[in-house]
Amino acid sequence: MRTEIKRIHQRVATTIVYVTHDQVEAMTLADRIVVMNNGLIEQVGTPQEMYDFPATRFVAGFIGSPAMNFIGCNLVEVTPDKLGLLLGPDLIFPVPDDRYERYKPFLGRDVVFGIRPEHVTDQRAHSTENQFDFESNVVVLEPTGIDTMVFIELNDSAVWARSTPYDAKDVGQLMNFTVDMKHMHLVDPGTDLII
């Protein structure tokens, strides 16, 4: 039905207002999306803008399937000009250098780290300087055929990662992952706005 609605929209080339609670429908049918929360507009934009640059935690969690991971952490200074996300006693994810000025006012504060499951993967060769490797115990596996969703925990938060079916470890085993910090988001927990 989604495909038929899209086909009709393309053929008649007129404005159509479509209301849905299904983010997949919104992403696949819309040229522009208006995301509302409790009767208030949170953000207006194209599907790709919503996915890449959500304005609020609500939008970040609503757009994308599976939903974005949210992990409590503390923003720390690793060196005088580099920031990191402290996720545990032995785990700091480096923040991309181009975000230093934007995030610096939140230094030393508790923030929420947002990252989509497709940006946390089984360990892979790095293609950019913003990728970082870490390890965690596998808690749950959800095979889906083309890939396997791997459930882990970071800083007492549930995190979903994507893995190839052949690289996923068994439940209870340590597994190596790569996180692409270029796609990270920081949420101000006081306002739920993306920083």
Side-chain angles (χ1 to χ4, degrees), residues 17-27 30-120 128-132 134 136 149 151-162 177 179-195:
V17 176
Y18 188 87
V19 179
T20 182
H21 292 92
D22 183 329
Q23 65 90 20
V24 174
E25 283 185 355
M27 293 288 285
D31 296 321
R32 292 182 61 73
I33 298 174
V34 177
V35 176
M36 297 183 73
N37 183 15
N38 293 322
L40 299 174
I41 293 174
E42 295 255 338
Q43 188 172 352
V44 178
T46 67
Q48 199 62 49
E49 287 169 347
M50 296 283 190
Y51 177 84
D52 291 335
F53 308 107
T56 66
R57 181 176 179 161
F58 179 81
V59 172
F62 179 71
I63 298 294
S65 180
M68 183 180 287
N69 296 302
F70 295 107
I71 308 153
C73 63
N74 189 274
L75 186 63
V76 297
E77 197 164 46
V78 179
T79 64
D81 60 345
K82 295 210 181 282
L83 299 174
L85 301 180
L86 181 62
L87 291 151
D90 299 318
L91 186 59
I92 296 177
F93 287 170
V95 171
D97 292 341
D98 63 349
R99 310 224 186 161
Y100 182 82
E101 290 302 322
R102 181 171 26 148
Y103 292 168
K104 188 177 176 185
F106 293 85
L107 187 60
R109 290 180 45 190
D110 289 332
V111 291
V112 177
F113 167 45
I115 191 81
R116 296 193 184 280
E118 52 269 34
H119 301 132
V120 183
T128 73
E129 63 183 18
N130 292 314
Q131 292 172 315
F132 179 76
F134 70 98
S136 183
M149 298 304 299
F151 173 82
I152 60 175
E153 290 182 354
L154 290 177
N155 210 18
D156 297 325
S157 296
V159 175
W160 285 107
R162 285 191 189 268
F177 296 91
V179 61
D180 191 343
M181 296 298 284
K182 176 178 73 175
H183 298 285
M184 69 167 284
H185 299 278
L186 272 192
V187 180
D188 179 346
T191 64
D192 273 347
L193 295 176
I194 303 291
I195 300 170

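This is a predicted model, so every value here is computed, not measured. These numbers come from the heavy atoms of this one structure, side chains and all, not from hydrogens, waters or symmetry mates.
- Nearest approach of A67 to G61, heavy atoms of both residues: CB-O, 3.4 Å.
- Atom CZ in F134 sits 14.5 Å away from atom CD1 in I92 (nearest 0.5 Å).
- The environment of CG in D81 is crowded: more than 12 heavy-atom neighbours from other residues, nucleotides or ligands sit within 6.0 Å.
- Looking at heavy atoms from C-beta onward, N69 lies in side-chain contact with W160 at the 4.5 angstrom threshold.
- Shown here are the side chain to side chain donor-acceptor pair (under 3.5 Å) partners of N37, two or more places apart in sequence or in another chain: E42.
- For CZ of F53, the number of neighbouring non-hydrogen atoms (other residues, nucleotides, ligands) closer than 6.0 Å is 12 at most.
- For the pair R116 and Y51, the minimum side-chain heavy-atom distance is below 4.5 Å.
- The shortest side-chain heavy-atom distance between V187 and F70 falls under the 4.5 Å cut-off.
- Going from atom CE of M27 over to atom CG of D22 covers 11.5 Å, rounded to the nearest 0.5 Å.
- Judged by distance alone, with hydrogens and angles left aside, the side-chain atoms of R102 form a donor-acceptor pair with the main-chain N or O of I195 at under 3.5 Å.
- Considering CG of L91 and CG of L85, their distance stands at 9.5 Å, rounded to 0.5 Å.
- Annotation: side chain of M149 is in contact with side chain of R162 (closest heavy-atom distance under 4.5 Å).
- Relative ring orientation between H183 and H119 is described as parallel, the plane-to-plane angle staying below 30° on a 0-90° scale split at 30° and 60°.
- Judged purely by atom type and a 3.5 angstrom limit, N130 has no side-chain atom pairing as donor or acceptor with the backbone of M181.
- Distance check: F58 CZ to L193 CG gives 14.0 Å after rounding to the nearest 0.5 Å.
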Show, in sequence, the C-alpha distance, side-chain angles and deciding distance for Q43 and T56, and conclude whether the side chain to side chain contact (heavy atoms under 4.5 Å, CB included) test is met.
CA-CA 8 Å; Q43 188 172 352; T56 66; 5.5 Å; no
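- A distance of 10.0 Å separates NZ in K182 from CZ in R99, rounded to the nearest 0.5 Å.
- A pairwise comparison of heavy atoms in C73 and N155 identifies CA-ND2, 4.0 Å as the closest pair.
- Contact between S136 and F177 at its shortest, heavy atoms only, is O-CE1, 3.9 Å.
- Separation of atoms CD (E77) and NZ (K104) is listed at 7.0 Å; rounding is to 0.5 Å.
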